[in-house]
Amino acid sequence: MKSFMDKDFLLETETAQMLYHEHAKNLPIIDYHCHLIPEMVAKDHKFRSITEVWLGGDHYKWRGMRTNGVDEKYITGDSTDWEKFEKWAETVPYTLRNPLYHWTHLELKTAFGIDKILNPSTAREIFDECNEKLQLPEFSARGLMRHYNVECVCTTDDPIDSLEHHIATRESGFEIKMLPTWRPDKAMAVENPEAYRQYIEKLSEVSGISINNYNDLLDALQKRHDFFEAQGCRLSDHGICEFYAEDFTESEINNIFNKVMGGQQPTDLEDRKFKSALMLDFARMDARSGWTQQFHYGALRNNNSRMMAQLGPDTGFDSIGEWNTAIAMSKFLDTLDKENLLAKTILYPLNPSANEMIATMLGNFQQGPTPGKIQFGSGWWFNDQKDGMERQMNALSVLGLLSRFVGMLTDSRSFLSYPRHEYFRRTLCNLIGRDVENGEIPAEEMPRIKQMVEDISYYNAKNYFKF
């Protein structure tokens, strides 16, 4: 019987162990998609407790606690940090076989050097030990990034954001890059006319452009796109339910824009036409700037309307959605390809039933000289655990080129989430090591195998994004 989470955790063979310890473990981290709060990096935030850094904003843990019967006051309510931590410690023993169990103990081990199992009997000593260490300078926001050998992070930012904290971080001389990512979802959200009009007013203010029609909207967005580029932005990201590829005319899009700005609700078809037009225009901006565009699609968000009204979005009430999106995705990518304006693209499906569809869609639009120009993004959200990562890599392996994969990201708000890169690298090495020892990959190709592991862990992302 193996010990829990020893140095060879998840590494089932000698080859896997060698690949991880000698070729993956010590490589820097490029976290090219995350939700860190830039102000925390700019001000080198000091965390008051393990509860703040660990449970604040972590809807993965919140869902687990709710499922375990914990009252909401101990999750998002006004209970004390200790009371919330205690309830999480009570929940942890019930998360066996859930990735939360692995993540919890990997973070305790790698950040705080704590090998104890978290449960009610150890909760107080772990809480106190973590809080004591969090008072040390090396446990600040920047300190944790240094500790985990982070080279670059890309945050997620709205076009109206001032990026003041990115600028301040860069000008402070902080050696780790923090770059913005263009996330223009609100510029597409015409389904809520009142909120949309308010957003357009803010966009007009920050861009200095009076927005009276669709072309004005594009001018304002392009100005902000240029500003983001000047601050080091090289990626966009789009959180969409599905892909949009409706036929439309220029006059239709102008009429829809005017209708929404006048406070009228668009029809479903009008909503889809507007999103189709704007997604294409965003993609053209990215292509002309040499950016990479990312599409995170397939989330069914805010399912619990009662809790949405109480807590707002991103609080743990989202799930995997079901949309038949292959035809629209193909049409969207093909439209841009015909214009020679298809940027480097990363596709992240939330529903794993789309894995093989995505893995085959990539091959339709690959084009030199960029290796892996169209990417199958790493297992996202509900899939960023061992089983989900294996399924994503297996689909990519048999239907594409795993060797050209740009690897893992945290997609997290937490400064303690960097061990997800370790979790991914261990899973990757185990997959490849198993194939070598089963005779499915020739051991004679070991130099190529070692390079493959290093590339997926770090170098592919480094070369693809050119950070």
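One finds no salt bridge joining Arg63 and Asp58 here, because no Lys/Arg side-chain nitrogen approaches an Asp/Glu carboxylate oxygen to under 4.0 Å. Here Arg183 pairs with Asp185 in a salt bridge; the nearest charged N to carboxylate O distance falls below 4.0 Å. Comment: Arg426 engages Glu422 in a salt bridge, judged by a side-chain N to carboxylate O separation of less than 4.0 angstrom. The pair Asp219-Lys223 does not count as a salt bridge, with every side-chain nitrogen at least 4.0 angstrom from each carboxylate oxygen. Between Arg272 and Glu246, at least one side-chain N (NZ, or NE/NH1/NH2) sits under 4.0 Å from a carboxylate O, which counts as a salt bridge. Remark: Arg448 engages Asp455 in a salt bridge, criterion side-chain N to carboxylate O under 4.0 Å. Using a cut-off of 4.0 Å between Lys/Arg side-chain N and Asp/Glu carboxylate O, Arg284 and Asp281 are scored as salt-bridged.
Taking the six-membered ring wherever Trp is involved, the centroid distance between the rings of Phe282 and His225 does not fall below 6.0 Å. Taking the ring centroids of Phe243 and Phe295, they lie under the 6.0 Å cut-off. For Tyr459 and Tyr464, the distance between ring centers is not under 6.0 angstrom.
Among all heavy-atom pairs drawn from Gly263 and Arg197, the shortest one is CA-NH1, 3.8 Å. Between Leu221 and Leu278, the closest heavy-atom pair is CD1-CD1, 4.1 Å. Nearest heavy-atom pair, Asn149 versus Asn26, reported as atom, atom and distance to 0.1 Å: ND2-O, 3.3 Å. Residues Pro349 and Phe376 approach most closely at CD-CE2, 3.6 Å, considering heavy atoms. In terms of heavy-atom proximity, Val53 sits nearest to Ser414 at O-OG, 3.2 Å. Closest of all the heavy-atom pairs between Met188 and Phe274 is O-CD2, 4.4 Å.
A side-chain N or O of Arg170 and one of Gln231 form a donor-acceptor pair less than 3.5 Å apart. Tyr148 and Thr110 are linked by a side-chain donor-acceptor pair at a separation below 3.5 angstrom, with hydrogens and angles left out of the test. Side chains of Tyr458 and Glu151: a donor on one and an acceptor on the other come within 3.5 Å.
In this structure, Lys87 satisfies the cation-pi test against Tyr74, with its NZ or CZ atom closer than 6.0 Å to the six-membered ring centre and inside 45 degrees of the ring normal. Both the sub-6.0 Å distance and the 45° axial angle are not jointly satisfied by Arg146 relative to the ring of Phe415. Annotation: cation-pi geometry not satisfied between Arg234 and Phe467 (NZ/CZ under 6.0 angstrom from ring centroid, within 45° of ring axis).
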Salt bridge (charged side-chain N to carboxylate O under 4.0 Å, His left out) between Glu191 and Lys275, worked out: CA-CA 10 Å; Glu191 65 273 12; Lys275 287 179 166 61; 2.7 Å; yes

Full working for side chain to side chain contact (heavy atoms under 4.5 Å, CB included) between Trp182 and Arg224: CA-CA 9 Å; Trp182 169 266; Arg224 298 303 297 169; 3.7 Å; yes

Stepwise salt bridge (charged side-chain N to carboxylate O under 4.0 Å, His left out) test for Lys73 and Asp78: CA-CA 6 Å; Lys73 69 179 180 179; Asp78 58 1; over 6 Å; no

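Between the side chain of Tyr196 and the main chain of Ala187, a donor-acceptor pair closer than 3.5 Å is present. Side-chain atoms of Lys177 never come within 3.5 Å of backbone atoms of Glu175 as a donor-acceptor pair (strictly under, hydrogens ignored). One N or O on the side chain of His105 and one on the backbone of Tyr101 form a donor-acceptor pair closer than 3.5 Å.
Test Thr315, Asp318, Asp314 against Asn302 for side chain to side chain contact (heavy atoms under 4.5 Å, CB included) and you get one pass: Asp318.
No side-chain heavy atom of Asp411 sits under 4.5 Å from any side-chain heavy atom of Cys34.
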